[in-house]
Amino acid sequence: MTAQKSIDQMQFPGGLRYSKEHTWVVPSGNTVKVGITDFAQDQLGEVIFVELPGEGDEFDQDAEFGVVESAKSTSDLFMPISGEVVVVNHTLEDEPGLVNQSPYQDGWMLEIKPRDPSQLEAIFSAEEYLGLIKKEA
Amino acid sequence: MAVTIYTATGCVRCKIAKKYLAQKGIEYTDLDIKAEGKDKFNRFYRERRKSVYRGPDGIEFPVYYDGQVVRQGLGVVVGHACSEKLAGFFGIGRLHGEWVDGIHLSQGDPEAMDELVEALGYLKGAGMKFEMDTDGRNPQVLERLLAEGLGEVMIMRLMGTKDMYAAQGYDAAEVEKTMNLVARFPEYRFELAVRPVVREDGAVEYLKPEEAGEIAAWLKEATGNNKHPFVLAPFDLKAAGDERFAELPQMETKDLLIYRSKARSSQVMAATA
């Protein structure tokens with residue numbers, strides 16, 4: 001995989017939580033939204049396909065929940081926290097490129113009902129995640 | 001039938017394929033997946049994802065679609081454009097840059113040699129080099145390619161002992177002729193994947209070390225040479241996906257040392273992959 005941007009050019013909004021598998025989570029009422037980070041979309045390149053689970057599916061933390069593919073690579077998606085999928089962003093089926101264009105807004109993937117909200121605190125802050133990817137880069 | 005060819009920006013192999021299509025008078029719609037063809041390719045990919053091959057480096061380009069079958073890779077596309085009779089010869093390869101591989105000389109129709117030479121000749125003219133393979137059948141194809149100066153690397157994938165070849169209906173004299181022809185290519189090697197064998201009583205077991213020794217001895221006897229590049233490799237059970245082999249453990253390179261030892265009695269350069 002080839003990075004298009006330098007880490008300094010990437011966005012990691014402060015109000016979100018981040019996982020080591022490069023997904024983000026943000027609370028939204030009783031549910032949380034999940035997507036992949038600017039770093040992850042940049043590593044993938046132009047996304048051409050996103051496979052997501054169905055509403056009602058339940059996942060443990062770190063469980064595989066989908067696949068995102070570009071012409072150059074395929075990457076499994078892992079759940080940042082455990083919970084039940086309540087809404088899926090079906091727009092990505094026809095417009096997978098939103099993951100690249102707007103990873104934290106229009107490119108969100110799932111809305112889930114957390115099973116254990118304390119897991120949110122145990123994953124990374126933006127600053128901690130930035131430290132992690134600087135080590136990986 | 002309308003043909004669409006999806007290409008990647010800057011893909012030299014795609015340009016070579018398109019030039020050949022044009023030479024053959026095949027009309028096609030050319031779509032660059034990073035430019036004007038992005039949306040169409042994304043839709044095509046979503047609809048036919050399971051038919052699109054992905055290698056370790058991603059989707060193999062060019063991608064050629066005639067409305068029915070997805071064909072990918074320079075060799076496959078040029079082979080198909082040249083003649084439908086070449087279908088067995090060209091498969092997906094793993095090499096890039098100036099190399100074309102996945103050219104299986106035993107799996108095509110030897111009657112289509114002229115077409116094969118045409119397709120390979122075009123690719124050679126475009127600066128490509130070839131890694132080809134054979135299992136012993138179709139020695140006349142190797143002979144023709146040697147005469148035409150086509151083929152930089154030749155790999156003979158040995159399928160078993162002389163008796164095993166005979167049991168599959170292969171002509172031993174033909175296989176021996178192939179062994180000698182293989183050694184005339186600029187670079188060559190004999191490869192023996194230590195594969196599962198179904199015995200006459202139905203038992204399923206790996207090829208025995210003694211049988212690897214027998215194969216190496218057959219090669220020495222057939223070619224009068226005991227110094228061929230001879231590579232032993234584990235058979236990939238998972239990739240084979242054959243239920244008959246489900247009970248066998250996956251062999252690792254360290255398990256091949258005894259095979260190497262037996263093979264070295266007749267092929268002193270025998271090595272593990």
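Sequence lines set the chain letters: A, B, ... in the order given, protein chains first and strands last, and positions in each chain run from 1. In this text the structure is predicted, and so the values were computed from the model without any measurement. Side chains are part of it too, since the values below use all heavy atoms of this structure and drop only hydrogens, waters and symmetry mates.
Annotation: salt bridge (Lys or Arg N to Asp or Glu O under 4.0 Å) contacts of B:Asp109 (sequence neighbours excluded): none.
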May I have a list of the donor-acceptor pairs under 3.5 Å that connect chain B with chain A?
unit_1, atom_1, unit_2, atom_2, d
B:Lys38, NZ, A:Glu46, OE2, 3.0
B:Tyr45, OH, A:Glu69, OE1, 2.2
B:Arg46, NE, A:Glu93, O, 2.7
B:Arg49, NE, A:Glu69, OE1, 3.2
B:Arg49, NE, A:Glu69, OE2, 3.1
B:Arg49, NH2, A:Glu69, OE2, 2.8
B:Arg54, NE, A:Thr74, OG1, 3.0
B:Arg54, NH1, A:Ser70, O, 3.1
B:Arg54, NH2, A:Ser70, O, 2.5
B:Arg54, NH2, A:Ser73, O, 3.0
B:Arg54, NH2, A:Thr74, OG1, 3.4
B:Gly58, N, A:Lys72, O, 3.4
B:Ile59, N, A:Ala71, O, 2.7

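When all heavy atoms of B:Ser83 and B:Glu115 are compared, the pair lying nearest together is CB-CG, 3.7 Å. Between B:Phe61 and A:Ala71, the shortest heavy-atom distance links the atoms CE1-CB, 4.3 Å. Nearest heavy-atom pair across B:Ile5 and B:Leu21 is CD1-CD1, 3.8 Å.
B:Ile33 contributes atom CD1, which lies 6.5 Å from atom CD1 of A:Ile48 (distance to the nearest 0.5 angstrom).
Looking only at atom types and distance, the side chain of B:Thr134 has a donor-acceptor partner in the side chain of B:Ser106 under 3.5 Å away.
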